Every structure is written in structure tokens, then in C-alpha cells.
Amino acid sequence: MAQVQQQAMELPFYTDDGSAVIEAPRHLLAALRRSAVSTDQPKGLVLLSGPPSVYRLGLCAAVDRALAGEPVLYLAGANVFDPFLVGRLARASRVAPAHVLQQIHVSRAFTCHQMVRLVTDCLPSALRTYEARCVILAGPLDTLYDQLVPEPEATRLFRAMAEALQHMAEQGIQLLCVTTLAPSESGGRSRFVAALRAQARRAIDLCEAEDGLWLQEEGGFEPRRWMIPRPLWNRL
Amino acid sequence: MGRTLATFTQLVQQEIDLWSRYRRALRREDQQALDVLFAAARHHASAGAYLARETPFEVMLLSMLIEQQKHVVMLQQKVIILETRMLHDSTQGVAS
Amino acid sequence: MVVWLLCEDGRRLRAVDPYVPTCYLAAPTPILHHASRLLRRASCRIDTREVERYELGGLCPIPVLEISVYAPSQFSSLTQLLIRSCPDAQFFHVDVSLPQRYFYDRQLFPLIHCEADLTAEGQIQSIQALESPWDTDYGLPPLTIMELSLDSSSPNPNHGGRGALIMRINGDERLLEGDDADVIQRLNQLLVREDPDILLTDWGDSYLLPRLMTLADRLRLPLVLNRDPHRPIGARKPHSYFSYGRILSHAGARTLSGRLHLDRHNSFALAEVGLAGLIEQARVTKVDLQQMARTTTGTGITSMQLETACRDGLLIPYRKQEPESFKSALELLQTDQGGLVFAPIAGYHEQVGELDFSSMYPSIMVRFNISPETVNCRCCRDEPAARVPEIGHHTCRRCQGLVPRTLAPLLEKRVRYKKLMAAAAQTAARAVLDQRQTALKWLLVVSFGYLGYKNARFGRIEAHEAVTAYSRDILLQAKEVAERQGYRMLHAIVDSLWLVKSGAVRADYDGLAQAITEQTGLSIGVEGLYRWIGFFPSRVNPLMPVPNQFVGLFDHGGMKIRGIEIRRSDAPFLVKRAQAEVLRCLSEAGTLAELRTQIPQALEIVRTYRRYLHEGRATIEELAIAKSLTKEPQAYRHQTLSMIAAQELLARGVHLQAGDTIHYIMTDADAACPSDRVRAVAGIDGAWSYDVSAYDNLLLKAALVLLMPLDVTPALLNASTDPARRTTQGSINGESASL
């Protein structure tokens with residue numbers, strides 16, 4: 001089993017023209033580190049948005065930091081945390097899965113009030129407790145789309161959360177915000193993603209194609225694109 | 001709220017899906033043997049869940065081995081019974 | 001607060017209690033000033049004062065503004081205004097229903113026997129309880145019940161097939177016929193003359209009452225459904241909601257003032273625990289009867305927790321905000337588990353005993369003091385006895401938590417009811433006690449879910465995790481004790497174990513239960529001894545046995561059946577009846593060897609039913625399939641049979657929503673044109689026919705699940721029950737002869 005994955009991890013990343021941009025990457029995590037979702041870039045808020053595959057990519061980024069020996073805080077707004085994926089990635093990197101799992105600290109929020117409280121109050125103290133600098137926010141907006149919460153209330157909560165994120169980003173915390181696009185019928189709430197995008201230092205879009213997952217970063221000096229080949233992704 | 005992670009039964013199903021190409025390329029009789037193995041993994045889902053290991057496939061392998069081991073013991077017992085009966089029959093035969 | 005009293009002389013009195021509800025507000029001074037300015041503009045008297053109160057689990061009290069509203073009718077609009085105007089303030093006690101608050105504060109409950117002092121104008125000077133909600137030998141006030149229903153065989157009048165109105169009272173039944181105006185006028189006369197306390201209806205919420213109200217409106221006639229003429233009839237729109245992973249439909253509500261309207265087809269409680277159980281729930285939870293009948297059981301258990309909090313002077317937060325504490329992914333892996341389920345050893349077994357822990361989860365919460373504020377308390381971190389098994393949590397050893405305080409009397413009362421039941425001489429009395437204890441069981445069952453429910457007022461994920469961790473450890477302890485005594489575990493589900501040991505009799509199982517109770521500290525009892533029990537594999541994968549799918553014959557002759565057609569709401573009645581007959585035939589066997597001798601007789605039953613089907617004799621009632629819509633009918637992508645039937649109803653102008661149950665008949669299940677495949681039952685009039693082979697298939701499957709473990713293969717079953725042959729024996733002989 002581990003053997004199969006190990007083999008899968010050795011497929012490289014490609015650019016538009018088909019050439020390998022990454023020099024002989026040993027495995028996916030190394031590849032990721034050099035890709036759009038790079039986790040050892042300068043600090044601040046990075047937004048990764050697209051179809052639900054973004055959550056797996058977000059988890060890969062968390063594992064990558066944990067493998068580098070850094071404690072990671074993982075805030076789960078959507079029910080997407082998968083410890084078994086962490087286990088597989090750790091093993092592919094020849095590190096004891098339990099060791100990596102211990103480096104990732106998870107809190108799950110089930111309502112938008114919990115999510116916002118988590119970001120505004122609990123996160124700053126957790127960063128101190130665990131001496132962490134790296135935060136993955138998986139689906140921070142999902143709970144805000146709950147139609148049982150009136151839109152003005154959701155908007156107020158979103159602002160409080162965005163403000164807290166801005167503050168932490170300015171303090172040099174590395175924040176990777178992973179989100180799917182707003183569901184249809186979300187009305188005024190569909191603006192939340194755009195607001196986060198405007199606030200982010202880098203914004204990366206993921207789209208799925210037949211040949212693989214394409215990551216695209218707008219802005220900067222020139223637009224950049226990366227591709228994760230389908231066979232590699234399917235074996236993750 | 002409550003549980004959010006995949007249950008062990010779901011993990012077995014995921015594993016079955018991962019091996020679907022392998023299964024397709026097996027002969028019918030070997031596919032049936034593979035299905036029995038995965039059924040054994042699911043049969044011990046409670047123990048797998050209780051252990052809660054992050055790499056569940058090895059837990060599944062051990063569950064398959066348990067069922068194999070039980071089969072071996074059962075067959076051994078049958079062999080002993082048959083042997084005893086044969087021995088008995090042959091001594092009876094000699095005596096008569 | 002309006003209170004209706006039934007006096008000892010039989011009068012029904014409308015009294016008013018000058019009740020002053022309060023709420024609390026915590027915020028920085030500028031916001032408090034803003035709130036005070038708003039309150040000064042209110043049209044009723046409002047008092048405010050600064051006080052200190054505790055939050056649940058709080059170490060020290062917090063300063064709050066106490067707001068007393070002297071007009072209960074304005075309480076809700078005032079608090080809503082405050083919440084909108086002061087979004088950054090924290091609110092407490094704002095969203096608890098006022099009748100419930102009134103019951104808590106005055107220590108009363110619905111239908112209580114009480115003593116009240118009234119002024120000549122009907123104002124309550126004092127009101128005192130003469131009984132406790134924990135009494136088990138209470139009587140009920142002499143309530144007059146009027147029943148209203150329709151003279152129709154339709155499974156749901158909203159889907160079609162309506163009839164005339166029937167009224168029943170004191171054993172007297174009348175058909176209200178004539179034109180619409182006649183019906184309304186006769187109903188008015190009856191309501192005035194009989195003055196019922198309870199209006200018990202079939203389809204009153206979704207069809208009867210709305211229809212009567214529309215008619216009266218159109219004819220400009222009064223309709224005196226309410227006893228209180230000053231109040232309008234309460235109305236709630238139909239809606240769908242999620243509960244335990246299933247989507248359910250709520251048919252809306254029509255509630256009355258001064259009189260209770262209960263709809264038998266829109267009440268989980270009435271259907272599950274009857275009127276006696278519903279009243280029991282209202283008494284202990286202090287939720288008004290009309291609401292208790294229509295709400296989830298969770299509202300009941302929440303109300304009990306809210307009362308405990310109010311009694312202890314704790315603040316009830318408006319919105320729960322506390323998220324899960326951070327835990328490492330490794331800890332998450334360990335803690336995120338449910339109860340243990342051991343897959344059964346498939347097939348039939350002899351001389352099996354079933355042991356059940358009684359109310360396992362709530363008992364764990366009480367015994368190990370599990371509550372949102374007691375899990376991972378600051379004071380008991382280093383106490384080994386406070387540790388929760390296998391996971392890193394601990395619970396408080398010093399202070400009893402809110403949830404255990406609420407549940408303990410409930411558990412204790414249920415035990416008392418069960419004892420009374422065992423001693424009851426009369427069947428009728430035993431039935432009432434059974435309804436009451438079942439009512440309490442439901443409250444206990446949902447109490448666990450509410451520890452982990454995201455919107456639960458007193459929920460916390462760590463508490464939820466602690467309960468399941470204890471349950472796993474306790475089930476394993478039970479397994480170990482049983483195995484030490486030589487038992488083999490065939491199956492186990494969270495709090496129940498099926499065990500077998502050759503030669504073990506009732507006394508042995510009782511002894512085992514005793515030993516497990518002593519070891520675990522949790523009460524376990526013998527549910528029963530089975531002469532034989534069959535565990536069945538999955539229909540999809542015959543290699544995989546499924547939990548909770550079995551048939552067992554108790555030593556006293558009763559049967560326990562789980563998970564097969566006879567227990568499924570979507571199986572046609574004909575299939576259920578055939579399965580029941582096969583089971584009755586099997587139940588004549590006391591041993592596995594005898595079970596096999598029953599096979600020919602069982603096959604003969606199947607053959608009789610198949611022939612009945614093939615001869616086209618089956619009726620609509622026997623063939624109807626009831627399915628619940630799992631999503632909005634417009635959202636279905638595939639042409640499933642239930643979706644086609646739903647489309648047919650929609651086309652006829654019927655309103656449908658997710659969670660609604662529809663009834664249909666398979667007319668030609670494989671037809672190329674989807675609309676030929678099924679017909680909705682409510683729309684059938686005139687000629688119709690059914691798909692013999694589709695129903696034949698269902699029939700064979702229902703028989704096969706029972707007979708396959710006895711080596712009856714699908715081919716054998718099909719051949720030996722061929723409806724065209726004369727007898728089973730003949731068909732088998734005939735075939736071997738032709739070979």
C-alpha cells in the first residue's frame with residue numbers, strides 16, 4: 001500500500017507547455033511547497049478557492065508544515081478534516097503518522113457563531129499556547145451560508161472575522177484560507193469570498209479539468225499556472 | 001455536531017474502491033476470494049474503530065488474517081476428526 | 001399571562017396572572033446606555049437594575065442589566081428590538097418561551113392540580129401546586145374530548161380523496177353533511193353545546209382546520225374553534241427539517257386558545273406514546289401540550305435543562321458560541337467515535353440470551369457526571385478517578401453538573417413506573433403506565449443527542465465524546481465478564497449484547513447480568529432468552545452481516561423482529577402479511593432442527609401469496625408503498641418511482657415538501673414511459689392494474705431473507721413456490737421426473 005503511494009508521489013508538476021517546472025520533485029509535498037499553495041512563502045493571508053478538492057490541498061499544506069516541524073492550527077468550518085489522508089502523506093514521507101498528527105491542532109466549528117468566536121477569541125490564544133505561526137482555515141464561510149441566520153447577522157459576523165484575520169496577517173501569522181465558492185441562493189453572502197479575496201495577499205483559484213487540477217494565481221507581476229496531474233491526485 | 005470523521009466501515013469501503021481496478025483484473029474465483037477478505041475486514045469494524053489508527057489498511061489486513069486463522073483451526077479440527085475416524089475404522093477393520 | 005382553570009365545580013375559567021418576565025444584558029457601558037434609552041421609549045412599565053449572575057460553568061459572576069417587562073405580551077418584540085439595536089451585547093433569557101418561563105417561575109406545569117386565589121375580575125392573587133411533576137399516581141382533570149375526522153379511506157386528504165366530516169364525542173358519532181354553510185353552522189352548535197377541552201383531529205393541522213377556516217371566511221360565518229374569543233387561532237406554516245440524519249416534514253400547525261387542538265397525524269408524541277404519554281411529557285418538561293404534541297422530543301429535554309438553569313439562577317445565553325477546544329489530530333482520531341457495534345455472526349442460533357443496559361447513555365451522564373461544564377473542569381485535572389477511559393478528558397468530581405441534575409429524577413421516575421407496571425394487575429392500568437414510561441424513555445433517548453447537537457443550549461462536543469468513550473469501555477467490560485463466564489458474544493450494539501452458552505438457563509443469564517452490573521456500576525438486565533434467533537446478511541452484499549437485522553423467538557413465545565420488511569414502513573401490506581405468516585409458521589419450531597422441518601410449510605405460504613398476486617386479486621391497500629420524500633420534489637434528478645408519483649401529485653396541484661410521505665402503486669415498473677411505471681394512490685379512481693412481477697419480486701425477497709440461512713437458495717425458492725404448480729411437493733417431484 002505504502003509502496004503504491006510512494007510511487008505516486010514521484011510524479012512531477014507541469015506548466016502550461018508541458019515542461020516540468022519543478023526540478024525533480026521527490027514527492028507531492030515537496031512539489032506543493034514549490035507550487036501556488038507554497039507554505040514557506042512570506043507571511044500573510046493566502047486565499048485558495050475552488051471546488052471541494054481545495055480542502056484536500058489545504059490539508060496537504062498543513063501536513064507539509066507539520067513535516068517541517070512546525071505546529072499547525074487547523075480550523076474546520078466544513079466537516080473536511082481527514083486524519084487518514086494525513087497518515088498516508090506522513091507515511092509517504094517516511095515519518096511516523098502519529099508524529100505529524102500530533103503537530104496539527106484541530107478545532108471544529110458547527111455554527112457561524114462558533115466559527116467567528118473561534119477566529120476572533122480562541123485563535124489568538126491558541127497561537128500562543130502552541131507557539132504556532134501557521135493557520136489553515138478550512139471552510140470559514142460555510143457556516144455563514146446557513147439560511148437560518150439572517151443575512152445582516154451573517155454580514156456582521158463576517159466583518160468581525162475578516163477584521164481579526166487582517167489583524168493576525170499584519171502580525172506576520174501565515175493564514176491559508178481554503179474555501180469553496182458560494183452556493184447559489186446565497187444572496188448578499190456571495191460577496192464574502194470576494195471580500196476575503198480583496199483582503200488576501202495572494203489569491204489562488206483551483207479548477208478541475210480532465211487532465212488534472214489547475215491552480216492559477218492572478219495579480220503579481222504575471223499570472224501563474226500550475227497543474228497537478230490527475231493520476232497523482234487520484235492516488236492521494 | 002458529533003462525529004465528523006469517516007467510520008471504519010466507510011474506510012473499508014474506500015479501500016475496496018481503491019482496489020477496484022485490481023479486482024477487475026482478477027479471475028472470477030479470485031474476485032470472490034478478495035470479497036471474502038474485505039468482508040472479514042468489515043466484520044471486525046468494531047475493533048478497527050476502537051483502535052482508531054491513522055493507517056487503517058494494516059488493521060484491515062490483520063482482520064483478514066484473523067478470519068484466515070480461524071479457518072485454519074477449523075480445518076485442522078476437521079482433519080483430526082477425520083483422521084481419528086479413519087484410524088478407528090482401520091483398526092476396526094483389522095479386528096474384524 | 002392568561003391561565004385557563006378547570007374548577008372543581010366544572011367551570012372553565014379564564015384567569016390572568018400578573019406575571020413579570022425578565023431578561024439580562026451584558027455589554028460595555030455605552031451600549032447599556034443605548035439599551036436603556038430604547039427601553040424608556042417602550043409603552044409598558046419596564047424596570048431595570050444592575051445585578052451579578054453566573055453563567056453555566058463560570059468561576060465568578062458577571063455584571064448584567066436585569067430588565068423586567070410588566071407586559072408579557074410585549075416581551076418578545078422588546079427583546080427582538082434590543083437584539084437588533086445592540087448586536088455587540090450579550091443577551092440572556094431572551095428566547096425561552098414565556099409559558100415555559102411562567103411554569104418554571106411559579107413551579108407549575110400543564111394540567112397541574114393546583115389551588116388559586118382569584119379576584120372578582122379573574123386576576124390571580126396566588127397560585128399553588130398541589131402535586132409534583134415527579135408523582136407517579138396522579139389523576140387527570142375530567143377533560144371533554146371532541147374528535148373530528150374525515151369519512152375517507154385516503155392515506156392523506158391533502159393528496160386527494162376527501163370525504164364528509166365526522167364528529168365523535170362520548171362514544172356518540174355524527175356525520176356532518178349538507179352544504180358548506182350547514183357543516184360550519186352544525187359544527188359551531190356542537191362546539192358551543194359540548195364545549196370540548198380537547199379537539200382531537202385527523203389531519204387537523206394541514207387540512208381540516210385550514211379548510212374549515214377558509215370555508216367560514218368565504219361564507220362570512222363565525223367559526224368558534226377557540227374558547228378564548230379575544231385571541232386568533234395560532235398558525236404555523238408547513239416546513240421540512242433535519243433530525244437524526246433524516247429529513248422530516250412538519251405539516252404546520254393550528255393551535256387554539258383556551259382549548260387544545262391535537263392532530264393525530266401531526267404528532268410524533270401522540271403516535272409514539274399516546275395521550276397518556278404526551279401528558280406525562282408535558283408535566284415533566286413544562287412544555288405546553290399543544291406545543292409538546294408538535295415539537296421534537298429534544299424541545300422537551302431542553303426545557304427541562306432550562307428549568308434547572310433558571311432554578312439555579314444561571315444565565316441562559318441567547319446564542320451558543322463556545323467552539324470546540326483545540327485538540328491534536330491524534331486526539332481527534334481517538335475521541336471522534338460512536339458506540340461500539342459488533343457485526344453479528346450471521347445465521348440462526350439456539351438458546352441465545354439478550355442483555356440490555358437500561359438507558360445507557362443518560363445513566364452514564366448521571367453516574368460519571370457528564371455535562372458541558374463538568375467535562376475538563378479546572379478543579380479535577382489531576383484526579384485519576386476523574387479520567388474518562390481511553391481519551392484525554394476528565395469530568396468533575398466535586399460539583400454535580402446541570403445535565404445530570406436534570407436527568408437523575410427522570411431516570412429514577414422511569415424505574416418507578418417500570419416497577420409499578422410489573423405489579424399492575426389490570427391491563428388498562430399497565431398500558432397507561434407503559435405509555436408514561438415510554439414517554440420518559442424518549443426524553444432520555446434524545447438527551448444524549450442534545451449534548452452534541454450544534455444548536456443545543458447546553459451542548460458541548462467534549463461531553464458528547466466522554467459519553468461514547470464510557471459506553472465503549474462499559475460494553476467491552478460486559479463482553480469480558482461474559483467471556484470469562486464461558487459465553488460467546490454473537491452480536492452487540494452499543495448497549496445490548498446477544499450471548500450464547502450451551503446449557504445456560506434464565507438463572508445463569510440473571511447471574512451474568514448481576515456480575516456485569518457489579519463490575520460496571522451500570523444496571524444491565526436480561527431482555528429475554530431466545531429459543532432461536534436469526535441474524536441476516538445485507539441484501540446488497542450477502543457476505544456482510546448487518547447490525548440490528550434479526551428475528552428471534554423468545555422462550556415465552558413472543559418474537560422480536562428488527563430491520564426486515566414487516567418493520568419497514570415502505571413495504572407493501574401484502575408483503576408484510578406474507579412475511580408475518582412465514583414467521584408465524586417458523587415460530588412453531590423450538591429448535592434449529594425443528595426450524596428446518598418447517599421449511600415446506602413456509603414455502604407453501606409463499607406460494608399461496610404468489611398465486612394471489614398472479615390472479616390479480618390484490619387490493620390497493622395491500623399494494624400501496626409508502627415512501628418519504630428525501631428532498632424537495634423539484635430537486636430530484638433521477639426518475640425514481642417515488643419521484644414519478646410525486647410528479648403526478650404535483651401536476652394535480654397537491655403541495656408537497658421534503659419529508660412528506662407519499663403512497664403509490666407499481667403499475668408497470670419497467671415501462672419505457674416513466675408516468676406508466678407508478679400511480680399515486682390518492683389519484684386512483686376507475687380502472688387500474690398492478691405490476692405482478694415487481695410485487696412478486698418483493699414477496700420473494702421478503703421470504704428469502706428468512707429462509708436463505710436455512711439453505712433455501714433464490715432458485716430453489718422460486719421453483720418451489722411457483723404459483724402455477726399445484727403443490728410444493730408436486731413441483732419438485734415433477735421437475736426431477738422430467739430430468
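The structure presented is a predicted model; accordingly, all values stated were derived computationally and were not measured.
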*Asks:* Taking salt bridge (Lys or Arg N to Asp or Glu O under 4.0 Å) as the test, write out the residues that go with A:Arg230, two or more places apart.
*Replies:* A:Glu208
*Asks:* If you count every heavy atom of other residues, nucleotides or ligands that lies below 6.0 Å from A:Arg156 atom CZ, does the total exceed 12?
*Replies:* yes
*Asks:* Counting only non-hydrogen atoms closer than 4.5 Å, does B:Gln14 touch chain A with its backbone (N, CA, C, O), its side chain (CB onward), both, or neither?
*Replies:* neither
*Asks:* The criterion is side-chain hydrogen bond (donor to acceptor under 3.5 Å, both in side chains); which residues satisfy it with A:Asp205, sequence neighbours excluded?
*Replies:* A:Ser49, A:Arg197
*Asks:* Applying salt bridge (Lys or Arg N to Asp or Glu O under 4.0 Å), can you list everything that pairs with A:Asp82, at least two apart in sequence or on another chain?
*Replies:* none
*Asks:* Considering heavy atoms only, which positions within residues 32-56 of chain B lie below 4.5 Å of chain A?
*Replies:* B:Arg53, B:Glu54, B:Thr55, B:Pro56
*Asks:* What's the shortest heavy-atom distance between B:Leu11 and A:Phe84, and which atoms?
*Replies:* CD1-CZ, 3.4 Å
*Asks:* Answer yes or no: are there more than 12 heavy-atom neighbours, outside B:Met86 itself, under 6.0 Å from its atom CE?
*Replies:* no
*Asks:* Is it the case that more than 12 heavy atoms not belonging to B:Gln13 sit under 6.0 Å from its CD atom?
*Replies:* yes
*Asks:* Should the heavy atoms of other residues, nucleotides or ligands under 6.0 Å from CD of A:Glu131 be counted, would the total exceed 12?
*Replies:* no
*Asks:* With a 4.5 angstrom heavy-atom cut-off, could you sort out which part of A:Ala98 is near chain B: side chain, backbone, both or neither?
*Replies:* both
